[in-house]
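First up is the structure itself, then whatever we jot down about it.
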Amino acid sequence: MSHENFPTDRPAVVTCGLPYANGDLHIGHLRGYIGADTFNRALRTLGQQSVYVCGSDMHGTPVAVNADKEGVDPEEFALRWHEQYTETFPKFSVDFDNYGHTHEETNVELTQSIVRALEDGGYVYEDEVLVAYDPQADDHLPDRYVVGTCPYCGEKARGDECDEGCQRHLEPGEIENPTSVRTGNPAEYRERTHKFFRVSEFSDYLTDFLDGLEGTSNARNQPRQWIEEGLQDWCLTRDMDWGIDYPGAEDEDIVLYVWVDAPIEYIASTKQYSERVGSEEYDWEEVWRDGGEIVHVIGRDIIQHHTIFWPAMLEGAGYNTPRGIAATGFITIDGKGLSTSRNRAIWAREYLEEGFHPDLLRYYLTTTGGLQQDVDFTWTAFQEKVNGELVGTIGNFWYRSLLFAYRNYEGTPEAEVSDEVRARIEDALEETRTAVNDYSVRDVGLSATRLAQFGNEYIQRNEPWKLTDDDPERAAQVIRDCVQIAKAVGVLLQPVAPGKAQALWDQLGEDGEVADTILETALEAPPRTFEEPGELFEKIEDDRVEDLEAKLEAKIEAAADRAETESDSESMTETTDDTTEDESTETETSDLEPLLEDRIGFEEFQELDIRVGQIEVAEGIEGADDLARLEVDIGFETRQVVAGIKRLHDLESLPGTKCILLANMEPAELFGVESNGMVLAAGEEADLLTTHDDAELGEKVR
RNA sequence: AGCGGGAUGGGAUAGCCAGGAGAUUCCGGCGGGCUCAUAACCCGCAGAUCGGUAGUUCAAAUCUACCUCCCGCUACCA
């Protein structure tokens, strides 16, 4: 089965994975939302009718548990995050046509009606399952809230997985010596009746579905394995009170599993949009019932939910299934996995507070590697991308063309666009069409960059500044071409960088919104006159990047220190926080810094004046969490040194300890205290280097 | 353990599905040019046995098999 290329005459809906109302948004979330937003905007430039919808995911155990910790109602807790998300998205030009949440009436009704439809179709049955129960807390414990002993290898294990031992997946009820993570008490098992969805009956349907599915290859290939292995039926209910009631069981302490109602929010949100604008303009039922174009952008960690359970549910309840599923890769920071608990993350708020335009991040995230690839974020790479492509290529071309046109013609010169340039722009439009149909937001952005690059070459090759006197007609022709290219770059860049594209649009004196234009507008003549243009992109300076990288490093270290001091008291309750990134995968080696490739000579080593010293005085610096002031005797003299070991060492016991000091370090002032050297230490716990024999104070280390 | 994705000049990325002279773009290095433009821009050069081994083929970065390393997934954690 293959699909008709976009644009089609059916309405489309683009969605992105629902943010879980349990924490701040970071760059990893933004990647998906920006990618989907870009895709939706690009679809529209093709002339495809399309809306972009999403909503907050309000239910599930983590919300209930964290609300409980704070002593607030889960709804209140989740709504707070929901409101924050609602405010954040527009700041990144993530422009949802509707943004709802899963606890709204629209979603509750729709979810219950879909579950009833599944029941009516005979796809739901009841079965008994063992559920861990904490008698003291009088609460049932979802699987990860239980720890115990693995029945297979005897290692310590979590309720659902033997994470430290044999890596086996554990079924509920299997784990031995179950213990509640929440109270530390022994847990007991209770038999409960739950509802199950006959996913297994959809094997053939899903196989066909996957054959026709567009999007990224991982979303197509990975589920095939699960189908071949035989699908297991899916438990639809949970022993909780926070969630959507199972229809007909409103009085019982049982709700629908969060993954049932979460994707239904895609439909509910579309419905809300449809009701707002009127079904004449956009009919949600046409999309979800009759065969509109449904595209999901998701993280690759939730592929199975979207390629197995979700289409099975839709099919079973008589709904339309997705045309495309694009599963994005993850974001890494400086080459290491993003980790919210370790604060190895760029938070949405942080980025905005730095004052960077959202389009810079949008461009970086969409054009650095394909949608499916993992993308590494470093401030240095961000700077290169911005300075090289946005400032140097696009910004520079826009500015030089428009400025030249303004100074010499007060706008667009009166001439016809040359055939060469017209053809080149048409190629660029075609590149974009292909990119959209390949689900490549990267090429959507790069088609604009490449066109700007052509523009730079074109202007250079024709040297209009030499022609203004000798051959005014030819000069006008060249500049006419350049202004047209500039406009086309704006139209092409809009899906990725809507704010900057609009700014160009305004400079060109165009009316209305560039976001409302279709690709063909790129070939229409710009207004005859326009005002003096300004520079649209600003270079990021090197020292700025150094600051940013240092700041990032510092906050990661601070988080590590905090975890260190808290780990003793909270070890029982810390096992489950939020975890897209898992502690168990972060082994020792992946945490080590990679070895440096560059070798240095002996002379360079000699430049490091490393001495044996002895700590004479150690005291904390007031106002600093981590810093301590040390006085170190290095034979010749006693140095005052500041070290970040306040919380990691017992300062009173340090005097008398030998240490190793980098003596010719540039002096620095930290918290008002001058530091004249660096005490060497290793590891996150700042294990101090020392000597073990007769090295005397002041001796050089070599 | 199984499965999915990845490994391409110093760094980063495209190409692979539909095999065809060792290939894209960006950063960095070297040389030149230009001056309309944000020390920008344009041109040229250097630099890679396309992770390894075998195979299919007239032809392999691309297809097949096996191997190594990295990331992820394995379903009641959103």
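Lettering follows sequence order; numbering is per chain, from 1. None of the values given here were measured: they were computed from a predicted structure.
- Side chain of A/Asp471 to backbone of A/Leu467: no donor-acceptor contact under 3.5 angstrom is found.
- The CD atom of A/Glu384 sits 4 Å away from the C1' atom of B/C27 (whole-angstrom rounding).
- Among the protein residues, A/Val391 comes within range of the nucleic acid bases, having at least one heavy atom under 4.0 Å from a base atom.
- Aromatic rings of A/Trp379 and A/Phe356 (six-membered ring for Trp) have centroids within the 6.0 Å cut-off, being under it.
- Put simply, A/Arg238 has no side-chain N or O that comes within less than 4.0 Å of OP1 or OP2 on B/C77.
- Comparing A/Thr237 and A/Gly369 against RNA chain B, the residue whose closest nucleotide sits nearer the 5' end is A/Gly369.
- Distances from the side chain of A/Thr61 to the nucleotides B/G5, B/A75, B/C77 place B/C77 closest.
- Residue A/Asn387 places no side-chain N or O under 4.0 Å from the OP1 or OP2 atom of B/C27.
- Protein atom NE2 of A/His59 is 17 Å distant from nucleotide atom P of B/C77, rounded to whole Å.
- Using the Watson-Crick or G-U wobble rule with both distances under 3.5 Å, B/A75 pairs with nothing in any strand shown.
- Distance, A/Asp443 CG to B/U13 P: 15 Å, rounded to whole Å.
- For the OP1/OP2 pair of B/C43 and a distance below 4.0 Å, the side-chain nitrogens and oxygens of A/Gln460 include no atom meeting the criterion.
- For A/Ser269 (side chain) and A/Tyr266 (main-chain N/O), no donor-acceptor pair under 3.5 Å exists by modelled atom type.
- Toward the 5′ end of RNA chain B lies the nearest nucleotide of A/Arg442, the other residue of the pair A/Tyr257 and A/Arg442 mapping further downstream.
- Applying the 4.0 Å criterion to OP1 and OP2 of B/A37, one finds that A/Tyr399 has every side-chain N and O outside that range.
- Each of B/G72, B/A75, B/G5 was ranked by its minimum atom distance to the side chain of A/Arg300; first place goes to B/G72.
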Review point. Should A/Tyr246 and A/His194 be marked as a ring-ring contact (aromatic ring centres under 6.0 Å, His included) after you check the CA-CA gap, both sets of side-chain angles, and the distance that decides it?
Key: CA-CA 10 Å; A/Tyr246 193 89; A/His194 277 275; 9.8 Å; no
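- With distances taken from any side-chain atom of A/Phe537 to the nucleotides B/C76, B/C41, B/U38, the minimum falls on B/U38.
- B/C3 and B/C67 have their P atoms separated by 10 Å, given to the nearest Å.
- Nearest to the side chain of A/Gln304, among B/G5, B/C73, B/C34, sits B/C73.
- Atoms CD (A/Glu389) and P (B/U13) sit 13 Å apart, rounded to a whole Å.
- At a threshold of 4.0 angstrom between heavy atoms, the contacts of A/Leu236 with the nucleic acid are absent.
- If you take CD of A/Gln477 and P of B/C36, they are 21 Å apart, rounded to a whole angstrom.
- Residue A/Arg461 is classed as having no contact, given no heavy-atom separation below 4.0 Å to the nucleic acid.
- Closest to the A/Asn221 side chain, of the nucleotides B/C36, B/G4, B/C76, is B/G4.
- Here A/Lys385 lies out of heavy-atom contact (under 4.0 Å) with every strand.
- Residue A/Lys539 has a polar side-chain atom (N or O) positioned under 4.0 Å from OP1 or OP2 of B/A40.
- Counting non-hydrogen atoms under 4.0 angstrom, A/Arg450 reaches nothing in the nucleic acid.
- Among the atoms of the strands shown, none is found under 4.0 Å from any heavy atom of A/Phe397.
- Using a 4.0 Å heavy-atom criterion, one finds that A/Gly370 contacts the sugar-phosphate atoms exclusively.
- Nucleic acid contact for A/Glu538: none, since no nucleic acid atom lies under 4.0 Å from a heavy atom of the residue.
- Nearest nucleotide to the A/Trp465 side chain, out of B/C76, B/U35, B/A37: B/U35.
- Judged by Watson-Crick or G-U wobble contacts below 3.5 Å, the nucleotide B/G55 has B/C63 as its partner.
- Here B/A12 presents its P atom at 13 Å from CG of A/Asp334, a figure rounded to the nearest Å.
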Practice item. Report the C-alpha separation of A/His305 and A/Trp234 in whole Å, then their side-chain angles, then the decisive distance to 0.1 Å, and conclude whether the ring-ring contact (aromatic ring centres under 6.0 Å, His included) test is met. Key: CA-CA 11 Å; A/His305 300 93; A/Trp234 193 39; 7.3 Å; no
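- In this structure, A/Tyr33 has its ring center no closer than 6.0 Å to that of A/Tyr85.
- Rounded to the nearest Å, the gap between the P atom of B/C77 and that of B/G19 is 45 Å.
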Practice item. Mind running ring-ring contact (aromatic ring centres under 6.0 Å, His included) on A/Phe209 and A/Phe202 for me, showing each step along the way? Key: CA-CA 10 Å; A/Phe209 165 75; A/Phe202 291 86; over 10 Å; no
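- Look at CG on A/Asp301: it is 18 Å from P on B/G4, rounded to the nearest Å.
- The CD atom of A/Glu541 sits 14 Å away from the P atom of B/U38 (whole-angstrom rounding).
- Contact annotation for A/Asn396: base contact, defined as any heavy-atom pair under 4.0 Å involving a base atom.
- By the 6.0 Å and 45° rule, A/Arg198 does not stack over the aromatic ring of A/Tyr123.
- When distances are taken from the side chain of A/Phe404 to each of B/C71, B/G4, B/C36, the shortest belongs to B/C36.
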